[in-house]
Chemist: 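Quick one: structure below, then a few questions.
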Amino acid sequence: MEAAITILALLFVAFVAFVALGVYLTVKAVGAAKRGVDRTITQARRTVEDTTLRAKSFGQTGVAGELAQLRLSLRTSMRATQDALHAGVAEDPSLAESVDLFRRLSAHGLELDEELKRLEREPDRATVSGLLPQLRERTQRITHSADSLRWAARDRARQFADDDLDALNAQIDIEAGALRHWTVEERPGAASGEATSRGRRPATDPGTDWPAPPAGAGNSSTADESWGGPAREGAPQAITAPDPQLGTRYPWQKSARPETTN
């Protein structure tokens, strides 16, 4: 009974754990989807607003066109610097301090952008026109600082790339030189040994170095007949065993008795 209660308790705990894990994953997925939707909406709104500002800066004159031009230059510079720093800090951690400085600069830039946006809806154009020199100076200071950070980060990345390329070119030149060095220098010991072995070889005339005759070529009569000439008189004759039937008989030799059969 106690074992069954323990098993049921473990199953209940496992069920609760699976439910909690499912809820956690669902919340994370919903949060990620919400952030993705918010990011898409923000980008779409930003694109529409930039297009509107670009249209106003080219299509309108006077105070409204000037304000639109200031906002467009400010937003373009800040966005380009943000993208450059965020892309560079992933490869160069030393840009973290530059990112912190840009966050502080972004606070001033966002404040100026909001002020310019409010002034676009301001009906008193004379007052806004009087504020334009000050607004233009603030915009130039912020954009100059943002451009300085951006170009410094790009110059740093370019310098690192140039140094890496120089080192790579030097290594490639060394490897190319090693590949072209195909002539192997002979060792002194090997050269002297080879010279000694060559000195011990007998001197032979290359014109008299004939191969050995084939088997059976010692028969002079055959060799002479093959060339179409008569056999030489002084050639040795073959030695054959004497035939006892045809040989010379001597008086003391007894004749062989014929075999008889009974």
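We use all heavy atoms of the structure for the numbers below, so side chains are in, but hydrogens, waters and symmetry mates are not.
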Chemist: Kindly say whether Met78 contributes a backbone atom to a donor-acceptor pair with the side chain of Thr81 at under 3.5 angstrom?
Modeler: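 Absent.
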Chemist: Identify all side-chain donor-acceptor contacts of residues 110-119 below 3.5 Å with residues at least two apart in sequence or on another chain.
Modeler:
residue	atom	partner	partner atom	Å
Asp113	OD1	Arg71	NE	3.1
Glu115	OE1	Arg138	NH1	2.8

Chemist: Let me confirm one number: the CZ-CG distance from Arg125 to Leu132, rounded to the nearest 0.5 Å.
Modeler: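 Taking CZ in Arg125 and CG in Leu132, the distance rounds to 10.0 Å.
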Chemist: Looking only at atom types and distance, does a side-chain atom of Thr143 sit under 3.5 Å from a main-chain N or O of Gln140, one as donor and one as acceptor?
Modeler: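 Yes, because the side chain of Thr143 sits within donor-acceptor range (under 3.5 Å) of the backbone of Gln140.
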Chemist: Examine Val19 and Val27 and state if one hydrophobic cluster contains both, with Ile, Leu, Val, Met, Phe, Trp and Tyr joined whenever side-chain heavy atoms are less than 4.5 Å apart.
Modeler: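 Yes; Val27 is reachable from Val19 via cluster members.
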Chemist: Find the distance between CG (Leu70) and CZ (Arg75) and round it off to the nearest 0.5 Å.
Modeler: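 Reported to 0.5 Å precision, the distance equals 13.0 Å.
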Chemist: Could you work out, with side chain to side chain donor-acceptor pair (under 3.5 Å) as the rule, every residue matching Ser77, not counting sequence neighbours?
Modeler: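 Listed in chain order: Asp147.
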Chemist: Look up atom CD1 in Ile172 and atom CG in Leu179, then write down how far apart they are to the nearest 0.5 Å.
Modeler: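 Output value for this atom pair is 11.0 Å.
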Chemist: Which atom pairs, donor and acceptor, lie under 3.5 Å between side-chain atoms of residues 84-101 and protein residues at least two apart or in another chain?
Modeler:
residue	atom	partner	partner atom	Å
Asp92	OD1	Ser94	N	3.3
Asp92	OD1	Ser94	OG	2.6
Asp92	OD2	Ser94	OG	3.0
Asp92	OD2	Arg156	NE	2.4
Ser94	OG	Arg156	NE	3.3
Ser94	OG	Arg156	NH2	2.9
Asp100	OD1	Arg103	NH1	2.7

Chemist: Could you tell me which residues satisfy side chain to side chain donor-acceptor pair (under 3.5 Å) with Arg136, sequence neighbours excluded, listed by chain and number?
Modeler: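 Expected list: Glu66.
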Chemist: Just jot down the side chain to side chain donor-acceptor pair (under 3.5 Å) partners of Asp164, sequence neighbours excluded, or say none.
Modeler: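 If we apply the side chain to side chain donor-acceptor pair (under 3.5 Å) test to Asp164, skipping adjacent residues, there are no hits.
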Chemist: Rounded to the nearest 0.5 Å, what separates atom CG in Leu67 from atom CG in Leu72?
Modeler: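 Those atoms lie 12.5 Å apart.
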Chemist: Quick one: CD on Gln82 to CG on Leu149, what's the gap to the nearest 0.5 Å?
Modeler: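 Reported value, rounded in 0.5 Å steps: 12.5 Å.
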Chemist: Can you name the residues that form a side chain to side chain donor-acceptor pair (under 3.5 Å) with Gln159, not counting sequence neighbours?
Modeler: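 Only Asp163 meet the side chain to side chain donor-acceptor pair (under 3.5 Å) criterion with Gln159.
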